[in-house]
Each structure stands twice: as structure tokens, then as C-alpha cells.
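Notes follow once the structure below has been shown.
Counting convention: from 1, in listed order, for ligands and their atoms alike. Quick caveat: nothing in here was measured; it's all calculated off a predicted structure.
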Amino acid sequence: MRGSTIAGIGHYVPERVLTNAELERLIDTTDEWIVTRTGIRERRVAADDQASSDLGLEAAREAMADAGVRAEDLDLIIVGTATPDMLFPATACVLQDRLGAKRAGAFDLSAACSSWVYGVAVAHGYVSSGLAETVLVVGAETLSKITNWKDRSTCVLFGDSAGAVVVRPSEPGQGFLSFYLGADGGGAALISQPAGGSRLPASYETVERAQHTLHMNGREVYKFAVRIIPRAIEEAVSRAGLTLADVDLFIPHQANIRIIDAAAKRLGQPREKFFVNVERYGNTSSASVPVALYEAVRAGLIHRGDLAVLVAFGGGLTWGSTALRWTK
Ligand code: UT7
């Protein structure tokens, strides 16, 4: 089988910055608590008329320009999101239409914060098997739309953004070298948006109980994250036939600086090898890893031939990692 790689990358963050100081005025919290417990200083919030597809569209256009591909070149569009424009049709179909990608199939992928990593694994499968030449994978989120702004234990954590990549064929041994995807549905209740689906359809009661907003058991998710990130990184590296010492940069899901610090410590890896931008965006779910990768590339931290390991975890519970030999 041939390989696949990232041929282009793009991102978009909304203009509106919401600082910790503003949150201090909204709820019973402090900048000091948020910074010491999470590392987050500010996050971006989409405008009232901006849905996830609007953010994803900007990121997709930049990724396609970077890859030098036209809308007609796309065979498949995958959107990873926990905040689709609507339950159905898929946000990927909204993008397919707005991009004018007439030849492309399109679907959403639901693995919460791991959705984009799951999405590039699917894209790799399509491209390396020859089923597709050019796949657009977007992670687009507007968490602010499902945030309970009265719940201080969650509303300080999340933000809105989008990241996108174009996946194209590569020589074997270049681009994506390995994938590791996992799930534990036993932990489904730890992060969820309980109502609005077929289990709890929308009603006055579900709205009164704020069941259309994000609910999370932060402590349990924290324990899960600290355990799963090192395991997922080690698995991606060993499946690629490499060692941790071969890795130039780790790009972890940006949820909490303490989770990243703990993962670095457990792996015995220098903290400087872990890219961090959580202080500026908070946790942007499926957009977090591609936006971090975008910023790492643009900051000159990843060069052609470098090895990056990308790792995500989130609701489901789900997790996913990949070892990526950068080819651009
Ligand atoms: O994408 C994956 C999704 N999620 C995550 O990765 C989240 C993982 N979890 C975490 O990052 C952390 O567990 C949190 C940041 C959510 C919470 O940090 P923590 O150190 O686990 O705090 P805690 O939940 O144990 O709460 C400690 C205290 C509590 O007060 P008491 O019970 O000790 O009196 C909370 O009520 O902090 C209180 N607290 C706050 N205080 C000020 C909770 N939220 C806030 C807040 N401001 N915003």
C-alpha cells in the first residue's frame, strides 16, 4: 500500500477573545484558579451567527490553498465535531456545498475531542488503499454554543476554533506512519450533552435542567487523560517501529496544562517537546490538535523529515494517536 500525508493545513479562530477577567465578572471564579488549575488565560468565542461550518469553511479554504488543491479535486470530506450545525444533515455536507466540492462524498465523524485524529485515520485508510486521492479532514467546534455559562466547573475550560488538513498520497515511510484508536464506552457519562438525541428528546424539562449543555466529571476525565496520553503516545511510536527518542515534537490535545505536564513526566520526556497553546484557546475539542499542529508548523517547530506524534482523548470515552513524518 502507498502512504498518505498532510499536503496542506489551515486553521480559523473567531475574533472574539473571552478573558479570565471577563469570566470573573460572570461567575464565581478567579483568574488565579483558572490559570493554576488549567493553564488557560483566554479562549475564542464564535459570534451569534457563526456555526461550526463557518469556522470549518475558513480552515478548509486555507488548507486547500496550502495543498494547492481545488474543490473539484476532493474525493471525500470528513468533519470531526461534537457541535455540528444541526443533528443532521452532516456539517460535512454543508461544507461540501459551500466549497463546491461536486465530486466529494461527505460525512461527520463523532468521537468528541478525538474526532479529528479518528478522521485522519479514516482518510489514511481511503488514500493508502487507493479508494481516494484527496481527502479533506476538518475539526470544527463551537463549544460556546453548548456551554452552560452558569456552571463554573466547565464554562471556563472550552473555546471555539477549527483546523483542517488535506490528506494526499505519499511514498511509504513518509507522512502517517502509524495509528492507534481506542474507546471505552463504559465512561460515556463522564462527558456528554445528554439531551437532544433519541434517548432524551428535547422538551421543556430538558431545557429547564440544562441537559442540552455540556456535562462533565472533570476529576474522572483528568485521571483518564493522564493515564491514556502516555499509553497512546507509546503505542503510536512502537507501531511505527520507533522510540520516544526519535520524536521531535508531541502535539497533544489541549485540555489542561497539568495533563500535558503529567504526561511528559510519565513518559520521561522533556516538557519542551510538547507543543502547548491551551493558554490562548482553552479546550477546543476536535479542533485542538489540528490548530496546535498548524501553529507548531507556522512557528517553525516542525520541518520536513521531522517526526511528530499527535494524540487526542475525549468523550466516548475515546482516544487516538498517530506518528507523522512531516513531508512539507
Ligand atoms: O477534552 C476532554 C475534556 N476534559 C478534560 O480534559 C478535563 C479534565 N479535567 C480537568 O482538567 C480538571 O479536573 C478541571 C480543570 C476540570 C478541574 O480541576 P481540579 O483540580 O480537578 O478541580 P476539582 O474539580 O477537584 O475542584 C476543586 C475545587 C472545587 O471546590 P471544593 O469542592 O474543593 O470546595 C470546585 O468547586 O475547585 C472548585 N472549582 C472552581 N473554583 C473556582 C471548580 N471550578 C472552579 C472555577 N473557579 N472555575
Side-chain angles (χ1 to χ4, degrees), residues 18-43 80-83 109-119 139-144 146-161 163 182-185 187-194 213-232 251-264 266 274 276-279 281-292 310-321:
L18 178 64
T19 63
N20 290 350
E22 286 174 86
L23 285 170
E24 281 181 350
R25 295 195 284 275
L26 277 178
I27 46 162
D28 179 18
T29 193
T30 60
D31 173 59
E32 198 261 335
W33 190 95
I34 302 171
V35 171
T36 54
R37 299 286 178 131
T38 72
I40 300 165
R41 294 184 182 276
E42 59 187 42
R43 68 287 293 141
T81 183
T83 49
L109 196 157
S110 172
C113 305
S114 312
S115 300
W116 181 84
V117 172
Y118 268 59
E141 301 281 11
T142 45
L143 272 302
S144 64
I146 62 160
T147 295
N148 180 351
W149 291 101
K150 293 182 179 146
D151 175 9
R152 70 174 183 173
S153 72
T154 55
C155 76
V156 302
L157 303 175
F158 297 98
D160 302 338
S161 71
D184 174 10
L190 296 181
I191 323 178
S192 69
Q193 181 186 1
T213 62
L214 187 149
H215 292 242
M216 181 172 73
N217 179 334
R219 269 182 221 184
E220 288 305 314
V221 176
Y222 186 94
K223 283 191 230 161
F224 154 70
V226 167
R227 187 170 44 79
I228 207 65
I229 294 183
R231 189 174 135 209
I251 313 270
H253 174 42
Q254 306 287 316
N256 185 326
I257 191 75
R258 285 159 54 219
I259 293 175
I260 297 171
D261 289 346
R266 280 199 185 195
F274 286 74
V276 173
N277 64 7
V278 71
E279 70 282 0
Y281 302 127
N283 179 346
T284 65
S285 187
S286 69
S288 125
V289 172
V291 170
L310 283 42
V311 59
F313 64 90
L317 300 168
T318 56
W319 58 93
S321 55

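- In this view, Phe313 and His253 satisfy the ring pair (Phe, Tyr, Trp, His ring centres under 6.0 Å) rule, not counting sequence neighbours.
- For the atom pair CD of Gln193 and OG1 of Thr147, the computed distance is 10.0 Å after rounding to the nearest 0.5 Å.
- For the residue pair Ser286 / Glu141, a side-chain donor-acceptor distance below 3.5 Å is found, with atom types taken as modelled.
- Here the OG1 atom belonging to Thr154 is positioned 11.0 Å from the CG atom belonging to Asn283, to the nearest 0.5 angstrom.
- Using a 4.0 Å cut-off between charged side-chain N and carboxylate O, Glu220 and Lys223 make a salt bridge.
- Closest heavy-atom contact between Ser114 and Gly320: OG-N, 4.3 Å.
- Protein residues are said to neighbour a ligand when one of their heavy atoms lies under 4.0 Å from it; for ligand 1 these are Asp28, Thr29, Trp33, Arg37, Thr38, Cys113, Arg152, Ser153, Val156, Leu157, Ile191, Met216, Gly218, Arg219, Val221, Tyr222, His253, Ala255, Asn256, Arg258, Ile259, Asn283, Phe313.
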